[in-house]
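When a ligand or atom number is given, it counts from 1 through the structure's own listing order.
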Amino acid sequence: MHALPQGSTVAVIGSGAMGSGIAQVAAIAGHQVLLYDTRQDAAAQAIDSIRIACSKLVEKGRMGAVESDLACERLKAISTLAEAKDAALVVEAIVENLEAKRALFTELEGVVGDDCILATNTSSISVTAIAAPLRRPQRLVGMHFFNPVPLMALVEVISGLATDRAVADTVYATAEGWGKNPVHAKSTPGFIVNRVARPYYAEGLRLLIEQAADPATLDAVMRECGGFRMGPFELMDLIGHDVNFSVTNSVFNAYFGDPRFTPSILQQELVNAGFLGRKTGRGFYQYGEGADKPAAQTEAPQPRPHAVSLIGGEPGALAPLVDRLAAAGFALPRQEIGVAPGFLCEGAAVYLTDGRSATERARDNDHRDTVLFDLLLDAGKATRIALARADQCSDAAFHAVAGLFQAAGFAVTRLDDVPGMAVMRTVAMLANEAADAVNQGVCSARAVDTAMQKGVNYPRGPLAWADAVGLPHIVTVLANLAAAYGEDRYRVSPLLRRKLAADPAGARIHA
Ligand code: NAI
């Protein structure tokens, strides 16, 4: 399918944060861009801001001066919708309100030609519903950009029930031509990113409510062990708790109260208090003059342990960690104990979390000195590792395990003994939600991984990550979480179960 030709006219309606970004990107890509806003002078002011943004790009060497001048010349503010009559594509980025969007598109249908594509940048309204009153609903499609538009590569191309596939394909190809990474998705609540990302916030909030650790510690674990760019608490503070809580509520309500998406009473209290995050100077953290960020909990240095061996079956996904310990000088002889791969360190059994608490696992294995560690994105490079000790575990055994990882260069954080710990539980739930989106035909497995990497900067697509950890392990984690909490929230996606049934040892989502 072909993209809209360079030089064709794109009208952008609404010149706020999103509309001005979309106008900038379309103009740089070579389109004649018309910008319209009901607020007087807003479109012209937006064009002034785009000029400033382009000149900054020139200063930084990211764009040539001539290219910038040409792009800015292609931008024009219009004061009536009628002036958009020759547009090949109209992208709407007005207020997030169904009636306002329907009224706008109905009016536009009387202005533009029959071939003009109508696109909405809505982040939460059904594309099907916006298109419903139109004479030709098949030409309306979602073109969901991410903020800030010039920097974020993802565009979710959303098909409503009536959307013509050729229209979605043209918008996809056009977004690609604009240097973006588009993905196709069906119009379902939250589309891809705003749905699949929910567990990132929700599991963080649940871990905090269960007193696994304080926000600074959990954020450090998600960053330094999980490789996420920002931890959930600093990220929610940045987004604003009012906005984040409202998105969660809207997804929860749109799925008719599915417990997967249950909002958090802790976040509701922050909203009640007006502690909305950075913008009010206080959220989980304090901001402004003199506010210092609390440090993550880190265990005091412990002596290097002597007796360390490998236990259980083949290390599998633990191999990079085994390599790192070996590089730190541990000989790691193998002992035939149990089947789960792990380490025996001065008598303490050390395993990757499987969704049971360390306390339960110590009981199940009849081994008091049990310590679990959390998932690492890259065991070769991670700067921190999170541990949880069984309630029955002795101080000496725990300190020996801390000393083991410290000797390999990790900062060691102790989390309270919550099932599934922090990174593993979050990644398992992200993958579970991604698998459900694929299973329900919302998008492909490749699309969901691209969306989460390009739309919210995850270090790895959740499904590729689940493949790397091992689908059997991810399913075990989820099943153990479901058993621990007795909540439908942790039910395993039918797609994961099916893959596992088809190939119990080697199941993968991606071929
Ligand atoms: P904004 O409030 O910054 O800008 C909206 C602009 O639309 C304002 O300038 C307003 O005067 C204008 N406007 C309102 N009604 C209009 C109408 N009937 N005709 C013409 N102009 C009208 O809002 P923002 O953040 O740019 O969002 C716009 C749309 O993009 C919303 O649907 C929002 O949900 C969606 N979106 C927002 C994202 C964000 O992070 N801000 C991300 C992705 C989508």
Item checked: Numbered atoms of ligand 1 (with element) below 4.0 Å of V95, judged on heavy atoms -> 14 (C), 15 (N)

Check: Do any nitrogen or oxygen atoms of M18 lie less than 3.5 angstrom from nitrogen or oxygen atoms of ligand 1?
Finding: yes

Next item on the list: On the 0 to 90° scale, with breaks at 30° and 60°, tag the H184-Y172 ring pair as parallel, tilted or perpendicular.
Entry: parallel

Item checked: atom 2 (O) of ligand 1 touched by protein heavy atom at under 4.0 Å -> no

Next item on the list: Identify whether NZ of Lys or CZ of Arg in K180 sits under 6.0 Å from the centre of the six-membered ring of F145 and within 45° of that ring's axis.
Entry: no

Note to self: Testing the 3.5 Å rule here: is there a donor-acceptor pair between the side chains of R206 and Y485?
What the structure shows: no

Item checked: For R165, salt bridge (Lys or Arg N to Asp or Glu O under 4.0 Å) partners two or more places apart -> D169

Note to self: Between ligand 1 and A100, can you find any atom pair, the residue atom being a heavy atom, that is separated by under 4.0 Å?
What the structure shows: no

Item checked: Nearest neighbour in protein (non-hydrogen) for atom 22 (C) of ligand 1 -> T38 OG1, 3.2 Å

Check: Taking both backbone and side-chain atoms of G19, is any N or O found less than 3.5 Å from an N or O belonging to ligand 1?
Finding: no

Next item on the list: Could you list the atoms of ligand 1 found under 4.0 angstrom from a heavy atom of H144?
Entry: 43 (C), 44 (C)

Next item on the list: Run the contact test for L104 against ligand 1 with a 4.0 Å cut-off on heavy atoms, strictly below, and give the result.
Entry: no

Next item on the list: Check whether any side-chain heavy atom of P232 lies under 4.5 Å from a side-chain heavy atom of D219, and answer yes or no.
Entry: yes

Notebook entry, point to check: At what distance, to the nearest 0.5 angstrom, does OH of Y285 lie from NZ of K293?
Noted result: 4.5 Å

Next item on the list: Verify the neighbour count for atom CD of E269: are there more than 12 heavy atoms of other residues, nucleotides or ligands below 6.0 Å?
Entry: no

Notebook entry, point to check: atom 13 (N) of ligand 1: protein heavy atom closer than 4.0 Å?
Noted result: yes

Note to self: Can you confirm, on distance only, whether ligand 1 has an N/O atom lying under 3.5 Å from any N/O atom belonging to D37?
What the structure shows: yes

Item checked: Check: I13 N/O within less than 3.5 Å of ligand 1 N/O -> no

Next item on the list: May I ask you to check if ligand 1 and S123 share an N or O to N or O distance below 3.5 Å?
Entry: yes

Checklist line | atom 23 (O) of ligand 1: the protein heavy-atom neighbour that sits closest, reported with distance to 0.1 Å | finding: A17 N, 4.7 Å

Notebook entry, point to check: To which protein heavy atom is atom 30 (O) of ligand 1 closest, and what is the distance rounded to 0.1 Å?
Noted result: N121 ND2, 3.0 Å

Next item on the list: State whether the side chain of S15 and the backbone N or O of L35 hold a donor-acceptor pair below 3.5 Å, judged by distance alone.
Entry: no

Check: Hey, does E96 come in under 3.5 Å of ligand 1, counting only N/O atoms on both sides?
Finding: yes

Checklist line | N147 contact mode with ligand 1 (heavy-atom cut-off under 4.0 Å) | finding: side chain

Note to self: Please work out, at 4.0 Å between heavy atoms, whether the side chain, the backbone, both, or neither of F146 comes within that distance of ligand 1.
What the structure shows: neither

Note to self: Can you confirm, on distance only, whether ligand 1 has an N/O atom lying under 3.5 Å from any N/O atom belonging to Y36?
What the structure shows: no

Next item on the list: Flag the pair E59 and K56 as a salt bridge only when some basic side-chain nitrogen lies within less than 4.0 angstrom of an acidic carboxylate oxygen.
Entry: no

Next item on the list: Would you mind finding which of G16, G142, S15 brings a heavy atom closest to atom 4 (O) of ligand 1?
Entry: G16

Notebook entry, point to check: Any idea which heavy atoms bring K85 and V111 closest together, and the distance?
Noted result: CB-O, 3.6 Å

Item checked: Distance-minimising heavy-atom pair for L478 and L496 -> CD1-CD1, 4.0 Å

Next item on the list: Identify the protein heavy atom lying closest to atom 5 (C) of ligand 1, giving its residue, its atom name and the separation to 0.1 Å.
Entry: A93 O, 3.7 Å

Check: If you take all heavy atoms of R491 and R260, which pair is closest and at what distance?
Finding: O-NH2, 3.0 Å

Check: Any idea which protein heavy atom is nearest atom 31 (C) of ligand 1, and the distance to it?
Finding: I94 O, 3.1 Å

Check: Which residues pass the salt bridge (Lys or Arg N to Asp or Glu O under 4.0 Å) test with R489, sequence neighbours left out?
Finding: E203

